[in-house]
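Here is the structure we will look at.
Residue numbers start from 1 in every chain, and the chains themselves are labelled A, B, ... in the order their sequence lines are given, proteins ahead of strands. Nothing here was measured: the structure is a model prediction, and the numbers come from that model.
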Amino acid sequence: MEIDIIIWLDYLGTMVFAISGVLTAGTKRLDLFGAMFIGVVTAIGGGTTRDLLLGVTPVTWLQGYGYLIAIFSGFAVTLIFKKFVARMRRTLFLFDTIGIGVFTIIGLEKALNLGVNPAVAVIMGMTSAVVGGVIRDTLTNDLPLIFHKEIYATACITGALFYLFFNWLNFPPALNELLTVGIIIAIRLLSIKFNLVIPVFKTPES
Amino acid sequence: MEIDIIIWLDYLGTMVFAISGVLTAGTKRLDLFGAMFIGVVTAIGGGTTRDLLLGVTPVTWLQGYGYLIAIFSGFAVTLIFKKFVARMRRTLFLFDTIGIGVFTIIGLEKALNLGVNPAVAVIMGMTSAVVGGVIRDTLTNDLPLIFHKEIYATACITGALFYLFFNWLNFPPALNELLTVGIIIAIRLLSIKFNLVIPVFKTPES
Amino acid sequence: MEIDIIIWLDYLGTMVFAISGVLTAGTKRLDLFGAMFIGVVTAIGGGTTRDLLLGVTPVTWLQGYGYLIAIFSGFAVTLIFKKFVARMRRTLFLFDTIGIGVFTIIGLEKALNLGVNPAVAVIMGMTSAVVGGVIRDTLTNDLPLIFHKEIYATACITGALFYLFFNWLNFPPALNELLTVGIIIAIRLLSIKFNLVIPVFKTPES
């Protein structure tokens with residue numbers, strides 16, 4: 001991470017993911033503890049999975065107060081301004097999109113720094129961004145959203161591939177990070193605007 | 001762990017969690033292997049998650065025969081005295097409550113010994129106690145019980161906070177451990193007696 | 001691993017598991033990305049769980065291109081020859097059975113080499129073979145197949161116990177591996193042929 005803004009966007013993304021987890025849980029008749037539990041795993045599930053697979057332990061969010069503060073700030077905002085936050089979904093969506101962009105880059109860079117090959121690093125970037133949502137949906141007994149709705153993980157993968165390409169072109173890291181986050185955000189927003197989806201895969205009857 | 005009784009209570013808790021896993025599975029038309037698989041993950045899921053997050057590997061239950069013996073003793077008792085065990089649910093409930101108290105302390109102490117900050121250590125204590133049940137319920141396609149019923153994880157968190165407080169007051173460890181387990185048990189029993197629940201969190205319509 | 005064929009069978013098993021994951025996902029109205037995600041976790045879930053529990057990180061499939069190539073070859077074959085693959089289920093079943101045999105041996109040997117006790121090593125062998133399928137079914141909201149249908153995990157456990165026995169008899173490793181895979185395949189095929197199942201465990205009413 002070459003630019004400090006990435007660190008702050010990481011905390012912002014974590015906070016937004018925690019809020020989205022709580023809001024999802026709030027449609028399931030969970031108690032407040034359950035909702036917060038879902039909020040935490042949504043926020044840290046992706047990064048935790050990446051750290052465990054790569055062998056980075058204690059996992060990142062355990063190494064300080066930063067992520068916990070981000071998460072509990074998200075909870076506080078959601079509980080105090082409940083109606084306001086629920087009405088803000090469109091804005092949250094934007095922050096969520098920034099979040100997956102930033103998480104992808106952080107995961108990708110972390111993996112590259114640990115010396116794994118580029119294909120694996122791309123997967124680790126995508127993992128950081130999407131696995132929190134997969135765990136959220138699995139714990140609340142839903143089919144994971146990213147498996148059947150919207151361009152989401154594929155935006156992360158595409159962004160990560162561009163990052164590697166810009167890196168190979170020797171772009172300075174800060175520029176590369178900005179461009180990559182921008183590409184991920186653009187793909188997601190355009191796919192929503194033009195209602196692009198990935199085709200359903202259907203196993204033929206045998 | 002300053003007192004040997006903690007070790008034995010840990011094995012007892014593991015055995016009781018294995019039994020509770022098998023009994024839950026036994027309401028789902030799983031085969032005997034499936035029921036035992038659920039029993040194992042219920043018993044070791046919390047401690048395993050804690051160990052993985054903290055980076056303690058091979059995870060604790062792989063480092064000897066103790067936990068396996070506790071778990072398979074639980075299976076043997078359940079299979080041989082099936083009706084008796086099913087009728088003993090009230091007693092099992094008491095042991096389960098002792099179990100979460102002990103698991104909380106063990107997780108908390110382990111985390112503190114590894115040098116993480118107190119907030120993280122509290123979360124690791126709670127994780128040790130409750131995540132086994134969360135995995136059990138997720139694998140059997142139920143909404144995790146602790147997300148919508150009874151005071152459970154919050155009892156663990158409260159106990160863990162008291163532990164830190166007593167520690168700060170320089171209570172001897174053995175006394176602290178006994179007091180903390182007592183507090184967790186008391187909160188859980190009182191919450192059941194007085195039918196206390198955590199309020200449901202409901203996301204407002206937007 | 002004493003014989004090179006084990007390595008190739010490992011890749012073949014991984015490919016077949018990836019195909020089986022995609023085909024399962026294809027009955028759930030997932031999009032293509034979701035189907036491939038399920039394919040990946042089916043293929044690498046068991047070995048990843050084993051590696052994490054034992055503390056082998058970065059987990060095996062991150063340490064090179066081999067497993068990724070096996071998985072994506074499986075995807076390519078499935079997408080290009082969709083109808084053919086769906087009709088090939090019987091052949092796939094055979095390869096799947098070879099797969100669980102090979103995965104069991106690899107997990108068992110890896111665990112023994114890391115110095116855990118034999119009981120734990122048997123569990124790690126079984127884990128390598130079956131946990132991918134458990135994660136696949138949990139993510140797609142099904143009760144895991146191995147908990148209520150067919151002799152599957154128990155074939156792996158039995159094979160692993162024979163491996164330890166043959167090892168104790170000082171059989172050469174290559175012979176031992178071949179015999180063990182053969183035993184696992186035989187148990188599975190015979191159990192299907194004679195319609196053997198593990199009895200359901202039912203918790204008595206209390």
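The number of heavy atoms from other shown groups lying within 6.0 Å of CZ (Phe84(C)) does not exceed 12. Open room surrounds CZ on Phe81(C); 12 or fewer heavy atoms of other groups in view lie less than 6.0 Å from it. Phe95(C) CZ: 12 or fewer foreign heavy atoms inside a 6.0 Å radius. Few gaps surround CZ on Phe166(A); more than 12 heavy atoms of other groups in view lie less than 6.0 Å from it. Counted within 6.0 Å of OH on Tyr11(A), heavy atoms from surrounding residues, nucleotides or ligands total more than 12; the atom is thus considered enclosed.
To the nearest 0.5 Å, the span separating CZ on Phe147(A) from CG on Leu32(C) amounts to 12.5 Å. Rounding to the nearest 0.5 Å places OG1 of Thr60(C) at 11.0 Å from CG of Leu53(A).
Among the candidates Val200(A), Leu143(A), Ile146(A), the single residue satisfying the side-chain contact (heavy atoms from CB on, under 4.5 Å) test with Leu30(C) is Leu143(A).
Summarising the geometry of Asp31(C) relative to Ile198(A), their closest heavy-atom pair is CB-O, 3.4 Å, with the distance given to 0.1 Å. Here the closest non-hydrogen pair linking Val120(A) and Gly64(C) is CG2-O, 4.3 Å.
Proximity to chain A (any heavy atom under 4.5 Å) is restricted, for Thr48(C), to the side chain, taken from C-beta onward. Heavy atoms closer than 4.5 Å to chain A are found in the side chain of Phe37(C), but not in its backbone. With a threshold of 4.5 angstrom between heavy atoms, Ile123(A) approaches chain C through side-chain atoms but not through N, CA, C or O. Looking at Leu62(C), the atoms closer than 4.5 Å to chain A (heavy atoms on both sides) sit in the backbone and in the side chain alike. No part of Asp137(A) comes within reach of chain C, as not one of its non-hydrogen atoms sits under 4.5 angstrom from that chain. Residue contact with chain A, scored on non-hydrogen atoms closer than 4.5 Å, involves the backbone and the side chain of Val22(C) alike. Residue contact with chain A, scored on non-hydrogen atoms closer than 4.5 Å, involves the side chain of Leu52(C) exclusively.
Looking only at side-chain heavy atoms (C-beta outward), Lys82(C) and Phe201(A) come within less than 4.5 Å of each other.
Of the listed residues (Gly26(C), Gly34(C), Ala25(C)), the one with the most heavy-atom contacts under 4.5 Å to chain A is Gly26(C). Contact tally against chain C (heavy-atom pairs below 4.5 Å) for Thr154(A), Asn141(A), Leu114(A), Val134(A): the top residue is Asn141(A).
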